[in-house]
Protein chains: 2
Amino acid sequence: MLLKAIADEKRLRLISLLLREKGEFYVCEIADALEESQYNVSKYLKELKMANLVKERRIGKGVLYSTIEPEEDFSRLIFNAILSIPDDYTKRERQLLRLRTTMREGDRCVVRIQNEHWKEAIEKSKVD
Amino acid sequence: MLLKAIADEKRLRLISLLLREKGEFYVCEIADALEESQYNVSKYLKELKMANLVKERRIGKGVLYSTIEPEEDFSRLIFNAILSIPDDYTKRERQLLRLRTTMREGDRCVVRIQNEHWKEAIEKSKVD
DNA sequence: TGCTCATATGCGCATTATAGCATACGTTAG
DNA sequence: CTAACGTATGCTATAATGCGCATATGAGCA
């Protein structure tokens, strides 16, 4: 059920992020942006995929996720509703995602939330 | 959280019903239309009220519920999404609610889903 | 072929949500 | 005041959900 998929705080943040930053992102990039574990982000994406909200595309070892252009009215209107949520809701996550994608090296994960490099990068870019 | 309130099948049906049949309805009427117990419907309505989707008005012993005109963009857009769900979704419930309101006698409950009168009335009106 | 890396998934546990029942609450009628 | 009635709520059992961990899968590379 679509509504159950987005009725969870973490998943709502994730889909909001993807909707605002229109593009394709690797799982590990999303995990870093959300400051969440990789396996949890994988699970979130799975549920969003089952609800037909996101699609995936494999590039080498990595998998790129992006939102789906909805075919049903209901999904489209739900997307509208999500996009009406004030910017602030995903401000930090969007800043982190942008910072993170500047470091992208093909399908290599490069950094990780657990990694000190990432925390340092966050500090230096004065995110938040 | 608004989304959690409507992410439940029963509550989604209830709010859909109220949105389509714009008007005020007694708890027992809604219970009969949904063919659900009174105490569960009370609980559904409570959650919808906490999500600022419905309001209540007491008339004698009974309590009338109706949808709220949303002030937030998000709520308004969610209402749009719910209204985009095909008619069929609440067809039976709307038929039952209409049948039920024709029997209304002020704040008296009159019938009940458990009651044989109600089942007979449903049969006779060839609902569904 | 075997290793490494990015992502996915199965499992056990803790937390939360839900249904049904019994009963409390609030209002009206007698 | 008390009884009756419509509605709300507390309690308990059970089902569903989410998290962290360990590990599986699948692709590229040595």
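What you see is a predicted model; the values in this text were computed from it and never measured. First the proteins, then the strands, lettered A, B, ... as listed; each starts at 1.
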Picking from D:dG6, D:dT7, C:dA8, the nucleotide nearest the side-chain atoms of B:Val63 would be D:dT7

Where A:Leu96 and A:Ala33 come nearest, the two heavy atoms and their spacing: CD1-O, 3.4 Å

Could you report the tightest heavy-atom contact between A:Ile85 and A:Ser16, atom names first, then the distance? CD1-OG, 4.5 Å

Does a sphere of radius 6.0 Å around NZ in A:Lys91 hold more than 12 heavy atoms from other residues, nucleotides or ligands, not counting ones at 6.0 Å or beyond? no

Taking atom [atom2] of [N] as reference, at what distance in whole Å does atom [atom1] of [X] sit?
X        : N      : atom1 : atom2 : result
B:Leu34  : D:dT7  : CG    : P     : 13 Å
B:Arg108 : D:dG6  : CZ    : C1'   : 11 Å
A:Met1   : D:dA16 : CE    : P     : 15 Å
A:Glu56  : C:dT7  : CD    : P     : 11 Å
A:Leu64  : C:dT7  : CG    : C1'   : 12 Å
B:Met50  : C:dA17 : CE    : C1'   : 12 Å
B:Arg57  : D:dG6  : CZ    : P     : 18 Å

Are B:Glu9 and B:Arg13 ion-paired here, with the side-chain N under 4.0 Å from a carboxylate O? yes

Contacts of A:Arg108 that satisfy side chain to side chain donor-acceptor pair (under 3.5 Å) - sequence neighbours left out: A:Glu105

Residues two or more places apart in sequence or in another chain: which of them pass side chain to side chain donor-acceptor pair (under 3.5 Å) with A:Lys4? none

Return all side-chain donor-acceptor pairs below 3.5 angstrom for residues 68-80 of chain B, not counting sequence neighbours, or 'none' if the list is empty.
unit_1: B:Asp73; atom_1: OD1; unit_2: B:Arg76; atom_2: NH2; d: 2.9

Apply side-chain contact (heavy atoms from CB on, under 4.5 Å) to residues B:Glu35 and B:Arg92 and explain how you reach the verdict. CA-CA 10 Å; B:Glu35 298 169 287; B:Arg92 178 177 173 87; 2.8 Å; yes

DNA chain C-proximal residues of residues 12-27 of chain A, any heavy atom under 4.0 Å: A:Tyr26, A:Val27

For residues 39-50 of chain A, please give each side-chain donor-acceptor pair under 3.5 Å, one per line with the distance, not counting sequence neighbours.
unit_1: A:Asn40; atom_1: ND2; unit_2: A:Glu36; atom_2: OE1; d: 3.4
unit_1: A:Asn40; atom_1: ND2; unit_2: A:Ser37; atom_2: OG; d: 3.1
unit_1: A:Ser42; atom_1: OG; unit_2: A:Gln38; atom_2: NE2; d: 3.4
unit_1: A:Glu47; atom_1: OE2; unit_2: A:Arg11; atom_2: NH1; d: 3.0
unit_1: A:Lys49; atom_1: NZ; unit_2: A:Glu56; atom_2: OE1; d: 3.2

Encode nucleotides 17-30 of chain D as B, S and - characters from 5' to 3', where the letter depends on protein heavy atoms closer than 4.0 Å: B to the base, S only to sugar-phosphate, - to neither. SSSBB-----BS--

